[in-house]
Amino acid sequence: QACLLRDLHGEISNAGLRVVGVSPQSPQSHAKFKAKYQLPFVLLSDEHKTVIKMYGLNGPLGLGVRRASYLIDGSRRIRDAVMADFMIGRHTDFVRKAIMLRAAPSQ
């Protein structure tokens with residue numbers, strides 16, 4: 001999922017959108033992961049799963065984290081979301097749709 005977003009980052013950025021990743025790993029782990037995969041976006045550490053639980057993404061029995069993508073506007077309102085877990089194609093389609101809608105001329 002992170003590499004997909006990395007590969008689409010130019011298009012995402014050109015559409016005026018921004019990517020922020022959230023996961024329960026430590027900041028040190030995120031720094032290594034970000035460097036290894038050359039990720040051009042922010043990764044936030046949620047070691048206590050506060051945000052993860054707020055979004056209902058805690059895994060079954062509290063193990064792991066479910067995978068989701070959210071489109072959040074400037075007012076911090078969720079405009080669209082996709083719960084895709086390991087079906088990466090759903091994330092790709094979601095991001096491409098957000099780019100297309102953002103790039104479409106206003107009516």
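Note that the structure is a prediction, hence the values are computed from the model and not measured.
Taking hydrophobic clusters as Ile, Leu, Val, Met, Phe, Trp and Tyr residues chained together by side-chain heavy-atom distances below 4.5 Å, Val51 does not share a cluster with Leu43. In the hydrophobic clustering of this structure, Val19 does not group with Tyr70; members are Ile, Leu, Val, Met, Phe, Trp, Tyr whose side-chain heavy atoms approach within less than 4.5 Å, directly or through other members. A single hydrophobic cluster is seen to contain both Met54 and Ile78, as judged by linkage of ILVMFWY side chains at heavy-atom distances under 4.5 Å, directly or through other members.
Not counting sequence neighbours, the partners of Pro27 by the side-chain contact (heavy atoms from CB on, under 4.5 Å) test are Ser45, Glu47. When the salt bridge (Lys or Arg N to Asp or Glu O under 4.0 Å) test is applied to Asp80, the partners found at least two apart in sequence or on another chain are Lys97. For Arg90, there are no salt bridge (Lys or Arg N to Asp or Glu O under 4.0 Å) partners, not counting sequence neighbours. Listed by chain and number, the residues in a side chain to side chain donor-acceptor pair (under 3.5 Å) with Ser29 amount to none (sequence neighbours excluded).
A pairwise comparison of heavy atoms in Leu5 and Ile12 identifies O-CD1, 4.0 Å as the closest pair.
Taken to the nearest 0.5 Å, the CD1 atom of Ile52 stands 4.5 Å off from the CG atom of Asp46. The structure places CE of Met83 at 9.0 Å from NE2 of His91, a figure rounded to the nearest 0.5 Å. Here the CD1-CZ distance, from Ile72 to Arg18, works out to 10.0 Å after rounding to the nearest 0.5 Å. Atom OG in Ser13 sits 10.0 Å away from atom CD1 in Ile99 (nearest 0.5 Å). Atom CG in Asn14 sits 10.0 Å away from atom NE2 in His9 (nearest 0.5 Å). Distance check: Leu71 CG to Arg102 CZ gives 9.0 Å after rounding to the nearest 0.5 Å.
Counting heavy atoms from C-beta on, the side chains of His48 and Pro24 never come closer than 4.5 Å. Between Val22 and Tyr55 there is no side-chain heavy-atom pair separated by less than 4.5 Å.
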Name every donor-acceptor pair, under 3.5 Å, that has one atom in a side chain of residues 30-40 and the other anywhere in the protein, sequence neighbours excluded.
{"from": "His30", "atom 1": "NE2", "to": "Ser23", "atom 2": "OG", "distance (Å)": "2.7"}
{"from": "Lys34", "atom 1": "NZ", "to": "Phe41", "atom 2": "O", "distance (Å)": "3.0"}

Show every donor-acceptor pair shorter than 3.5 Å between a side-chain atom in residues 61-68 and any protein atom, with sequence neighbours excluded, or say none if there are none.
{"from": "Arg66", "atom 1": "NE", "to": "Asp85", "atom 2": "OD1", "distance (Å)": "3.2"}
{"from": "Arg66", "atom 1": "NE", "to": "Asp85", "atom 2": "OD2", "distance (Å)": "3.3"}
{"from": "Arg66", "atom 1": "NH2", "to": "Asp85", "atom 2": "OD2", "distance (Å)": "2.7"}

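A donor-acceptor pair shorter than 3.5 Å cannot be found between the side chains of Asn58 and Lys53.
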